[in-house]
Amino acid sequence: MDPHYHPKSLEPAVQREWDDTKAFVAPDASGKPKYYNVGMLPYPSGKLHMGHVRNYSINDALCHFLRMKGYNVLQPMGWDAFGLPAENAAMAHGVPPAKWTWENIAYMKRQLQSLGFAIDWTREVATCSPDYYRWNQWFFLRMREKGIAYKKTGTVNWDPVDQTVLANEQVIDGKGWRTGATVEKREIPMWYLRISQYADELVDALDGLAWPEQVKQMQRNWIGRSYGVEFTLPYAPETAARMADGKAGLKVYTTRADTIMGITFAAVAAEHPLAAEAAKGHAKLAAFIEECKRGGVMEAELATMEKKGMPTGLFVLHPFTQEPIEVWVGNYVLMGYGEGAVMAVPGHDERDFAFAKQYGLPIAQVIDVDGQAYSTDAWQPWYEAPGVNVHSGKYDGLAQAAAIDAVASDLEAAGLGAKRVQFRLRDWGISRQRYWGTPIPIVHCPKCGDVAVPDEELPVVLPEDLVPDGSGSPLAKSPAFYECKCPSCGADAKRETDTMDTFVDSSWYFFRYTCPGATAMVDERADYWMPMDQYIGGIEHAILHLLYARFWTKVMRDMGLVKVDEPFRNLLTQGMVLNHIFSRRTDKGGIAYFAPEEVEVKSDAEGRITGAALRADGSVVDYGGIGTMSKSKRNGVDPQDLIDRYGADTARLYVMFASPPTDTILWSDSSVEGSFRFLRRVWKLVHDHLAAGPAPKRAGADLSGELKDLRFKLHKTIDKVGDDYGRRLQFNTAIAAVMELLNALTDVKDASPAARTVAQEVLEAAVLLLSPVVPHIATVLWAELRPGTRLLDQSWPEVDREALVQETIELVLQVNGKLRGHLVVATDATREAIEQLALATDAAVKFMEGRPAKKVVVVPGRLVNIVV
RNA sequence: GCCCGGGUGGCGAAACUGGUAAACGCAGCGGGCUUAAAACCCGCAGCCGCGAGGCUUGCCGGUUCGACUCCGGCCCCGGGCACCA
């Protein structure tokens with residue numbers, strides 16, 4: 001055996017052996033129970049970053065651990081290959097997105113292979129390949145037939161200079177990132193998926209999922225099921241005359257129908273038809289509506305901007321009192337939410353209160369909470385709390401639930417409204433005015449309207465040779481793509497040039513992994529592997545991706561394609577890997593990012609970064625704090641340096657040892673050296689042990705106390721590590737436990753045959769326990785420890801219960817809750833005996849200072865606390 | 001702004017169900033080995049104090065024999081907010 005650890009030669013050799021034996025190709029049937037283990041598929045941005053290494057190292061450790069536990073494990077990999085960065089790269093370098101993407105995939109695949117992940121590459125999926133996205137198109141058409149896919153208008157960010165739709169990411173402070181032009185809201189027709197139809201099931205089914213509570217809560221809040229009342233505020237006569245829209249009034253929705261007598265005004269979105277009508281011949285209002293259209297569509301931006309409004313001069317009537325209520329246009333009312341109109345009760349809604357104060361509108365108290373004094377001077381949180389109605393006529397004295405019921409039934413009797421369940425969740429708009437995505441398989445015929453592309457003509461293939469230039473979609477400028485005949489009447493027609501949201505791609509790829517080469521979207525092999533047993537990915541996907549994938553699965557189920565209700569049985573949301581962000585505003589008002597290695601930072605005494613300058617020319621750059629590693633912010637760290645310098649095992653050990661998987665971590669490689677040193681030490685321990693010749697097969701029954709303690713520690717460790725891997729999914733503590741075990745082994749200075757036997761037992765177990773994290777070195781060390789056998793054939797080590805039996809145990813001694821000493825008692829000592837022993841100790845006598853014990857708390861196996 | 005997390009030594013962290021705060025490791029310090037360096041080995045190490053001892057888990061308060069852990073309020077940091085993925 002080589003006395004030195006050489007990962008550079010060892011790792012490729014082990015990987016070649018895995019390849020040659022197809023070690024990780026999973027059969028679609030097996031006598032063993034199946035375990036389907038997936039990491040969220042990466043976007044092929046160019047290089048892996050540490051977040052990927054972290055993610056897939058966790059998957060891989062589980063993969064090896066469950067193999068050893070006797071499962072038929074499938075761990076596939078694929079590429080989320082459509083998306084915006086490919087178009088940006090194309091603009092920057094003039095390379096077609098397809099070429100850029102396929103090259104990135106090839107490079108990143110080599111990186112994953114050099115990390116030695118136990119991936120079944122025979123199932124690889126790239127979402128930009130026609131074999132994959134044809135099924136996006138096929139399924140879209142099925143959803144259209146069922147009415148789940150439909151068309152309506154939606155609001156987008158419009159760059160008036162580039163004449164193009166911008167992603168939210170491309171809007172910086174309300175300006176286009178390339179042009180610096182003020183972005184406008186624009187209404188365009190788009191395709192939507194009716195996820196709202198599944199809202200009840202999506203929220204109810206969360207209860208049965210073994211997911212982190214925090215993620216389930218986020219999804220519940222996102223779906224936002226509320227029980228409220230929808231009703232109409234009838235138009236005042238003049239308003240009715242002007243609107244002439246065939247409607248009786250302004251439809252609104254509220255969860256606080258109990259406050260209906262507190263309405264003092266109403267507000268509509270700038271895009272609302274009532275606002276448009278009111279603006280006719282009202283120049284100031286028209287100008288205000290125009291102003292509201294400025295800026296993007298991001299909720300974070302809308303929610304933080306200054307609330308502004310203007311009266312329309314149009315009135316509606318209170319449904320019960322018939323009193324006129326003026327309608328305002330408010331920039332905080334969103335056309336896309338509910339009806340685009342709200343009743344305003346400034347007495348009991350914080351936002352309405354602020355708005356009323358700002359514009360001098362009346363505020364009326366209609367809810368009372370015991371012992372609280374109401375004042376319109378300042379907002380108090382209790383104003384929003386449930387209470388008892390006051391100043392509300394016939395509803396006075398009713399508590400919230402009763403008041404809501406009474407108001408709802410009165411509205412219903414008046415034919416103005418009824419109770420309704422509403423969701424915050426909006427239907428999923430999937431149209432993108434972009435090139436690098438799945439073409440939507442629709443043809444626009446002047447005679448027949450929107451016509452589906454027939455199934456036999458799928459896929460509608462995306463041309464791979466176009467290069468976007470930043471103004472509009474290349475597809476919309478490519479007659480070769482859009483010119484076509486109507487499938488229905490044969491007339492000249494125009495193909496849809498919008499593509500699908502890339503969340504479509506990632507909503508079902510995990511089904512496709514299970515049945516590579518299937519001639520349908522999925523086949524019966526999906527029934528074997530699904531539901532997925534473990535899904536692992538970043539916490540940033542807690543809502544959108546996971547919700548869309550759940551929805552898609554349910555639609556597939558309802559179409560009879562798959563049998564599962566939910567795709568992901570267990571979920572582990574990995575914490576983000578953060579790094580510093582440096583940027584600078586460009587002349588045009590856009591933003592340019594710089595990689596951390598390109599800048600020199602200045603810090604204050606506490607180590608906080610106060611400023612930074614570019615290394616190249618010393619020019620000042622802005623420090624943007626810390627944030628997720630991403631291609632767009634240029635703060636990703638490529639693991640390649642680490643792999644080249646120390647090998648894959650060290651890189652994996654380091655990222656697994658650094659913290660629990662769910663923790664957010666700020667990237668630093670300052671202690672990688674220590675992980676490498678540990679592996680070198682393990683290597684040397686095995687080498688030195690074997691260099692002394694073979695160890696006797698079995699130790700005699702009578703081990704010294706020291707060797708008994710070592711075996712106790714060994715079997716404690718096996719137990720703990722198995723629990724950490726299998727139940728807690730916490731790897732840093734498992735690794736620390738093995739380190740402790742090896743420290744204990746080193747401390748035993750005994751060269752007797754019995755000691756050598758125990759040492760062999762410890763080393764074999766340590767190699768097995770570490771193997772899920774560092775499989776390369778473990779493979780080689782195992783072959784040395786047990787010539788003629790393979791690590792891959794080994795089971796997880798068994799805990800020897802007898803080694804865990806102890807005669808005595810050490811307890812902590814406290815006086816008044818403070819640590820004052822220790823005492824050793826028999827494992828089976830009674831509570832009374834322990835109490836007597838504790839009171840007699842020197843430490844107890846000293847710190848009780850002659851005072852009698854008021855109480856003695858004995859926690860079995862832990863401590864004794866004497867209270868005086 | 002709203003929803004969800006997080007904050008423990010110089011640093012990454014541990015303490016799993018309310019029971020020894022700081023395991024394991026990094027950096028550091030002292031020593032050994034070496035002509036020297038690297039590597040390796042041994043030891044020290046939260047803060048204050050000569051010591052006995054006292055103090056310490058973002059801040060303030062509460063519950064408890066006992067709180068990193070539970071409750072209330074606040075500060076700071078991260079993730080998401082529907083077109084980044």
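The figures here come from the full heavy-atom set of this structure, side chains too, leaving out hydrogens, waters and symmetry mates. Below, read A as the first sequence line, B as the second, and so on, with proteins coming before strands; counting in each chain starts at 1. The shown structure was predicted, so the numbers you read here are calculated from the model rather than taken from an experiment.
- Taking the side chain of A:V156 as heavy atoms from C-beta on, and the options B:C83, B:G19, B:U20, the nearest nucleotide is B:C83.
- For a distance-only test at 3.5 Å, the side chain of A:N865 qualifies as a donor-acceptor partner of the base of B:C65.
- The side chain of A:R820 lies closest to B:G54 when the candidates are B:A82, B:G54, B:A85.
- The side chain of A:F657 lies closest to B:G25, out of B:G78, B:C84, B:G25.
- Tested against A:F503, the residues A:Y548, A:F82, A:W428 include a single ring-ring contact (aromatic ring centres under 6.0 Å, His included) partner, A:Y548.
- The base of B:C40 lies outside donor-acceptor range of the side chain of A:R680, with no N or O pair under 3.5 Å.
- Contact annotation: A:K716 does not reach the phosphate of B:A23 (side-chain N/O to OP1 or OP2, under 4.0 Å).
- Of the candidate nucleotides B:G1, B:C24, B:G19, B:G19 has the atom lying nearest to any side-chain atom of A:Q814.
- A sub-4.0 Å separation between OP1 or OP2 of B:G66 and a side-chain N or O of A:N816 is absent.
- To the nearest whole angstrom, the two C1' atoms, one in B:C68 and one in B:A13, are 13 Å apart.
- Side-chain proximity of A:R681 to B:G1, B:G78, B:C41: nearest is B:C41.
- Separation of the P atoms belonging to B:G19 and B:G12 is 25 Å when rounded to the nearest angstrom.
- Partner assigned to B:G9 is none, using Watson-Crick or G-U wobble distances below 3.5 angstrom.
- Distances shown here put every side-chain N or O of A:R424 at or beyond 4.0 Å from the OP1 or OP2 atom of B:C81.
- Atom name C1', nucleotides B:U34 and B:A27: the rounded distance is 24 Å, in whole Å.
- A:H541 comes within 4.0 angstrom of a base, heavy atoms only.
- Closest approach to the A:H822 side chain among B:U20, B:A13, B:C24 is made by B:U20 (side chain taken as heavy atoms from C-beta onward).
- Residue A:R728 places none of its side-chain N or O atoms closer than 4.0 Å to OP1 or OP2 of B:C16.
- Residue-level contact check: A:K846 touches the backbone only, with heavy atoms under 4.0 Å from sugar-phosphate atoms and none from bases.
- Checking B:C81, B:C4, B:C26 against the side-chain heavy atoms of A:R677 singles out B:C26 as nearest.
- In this model, the phosphate group of B:G5 is not approached by any side-chain N or O of A:K216 to a distance below 4.0 Å at OP1 or OP2.
- Residue A:M190 places its side chain closer to B:C83 than to any other of B:C16, B:C83, B:G78.
- B:U69 and B:U8 have their C1' atoms separated by 12 Å, with the value rounded to a whole Å.
- No engagement by A:V215 is indicated, since no non-hydrogen atom pair under 4.0 Å with the nucleic acid exists.
- Counting to the nearest Å, the C1' atom of B:C2 and the CD atom of A:E301 are 15 Å from each other.
- For A:L863, the listed nucleotide lying nearest its side chain is B:U20; candidates were B:C84, B:U20, B:A82.
- Within the 4.0 Å cut-off from OP1 or OP2 of B:A85, at least one side-chain nitrogen or oxygen of A:T502 is found.
- To the nearest whole angstrom, the two C1' atoms, one in B:C3 and one in B:U17, are 29 Å apart.
- Checking the phosphate oxygens (OP1, OP2) of B:G25, no side-chain nitrogen or oxygen of A:N732 falls inside 4.0 Å.
- Taking side-chain N and O atoms only, A:T628 has a distance below 4.0 Å to OP1 or OP2 of B:G79.
- For the P atom pair drawn from B:G58 and B:G25, the interatomic distance equals 25 Å after rounding to whole Å.
- Around the NZ atom of A:K216, the shell of radius 6.0 Å holds more than 12 heavy atoms that belong to other residues, nucleotides or ligands.
- Using atom C1' as the reference point in both B:G78 and B:G32, the two lie 46 Å apart (nearest Å).
- Dashed line: the shortest gap from a side-chain N or O of A:Q730 to OP1 or OP2 of B:A14 is under 4.0 Å.
- The side chain of A:R432 places no N or O atom within less than 4.0 Å of a non-bridging phosphate oxygen (OP1 or OP2) of B:A82.
- The shortest distance between the side-chain N/O atoms of A:N743 and the OP1/OP2 oxygens of B:G25 is below 4.0 Å.
- Which of B:C24, B:A82, B:C83 sits closest to the side chain of A:M739 comes down to B:C24.
- Remark: A:E169 does not engage A:K633 in a salt bridge, criterion side-chain N to carboxylate O under 4.0 Å.
- Where A:T304 and A:P42 each meet RNA chain B at their nearest nucleotide, the meeting point lying more 5' is that of A:T304.
- B:U63 and B:C71 have their C1' atoms separated by 7 Å, given to the nearest Å.
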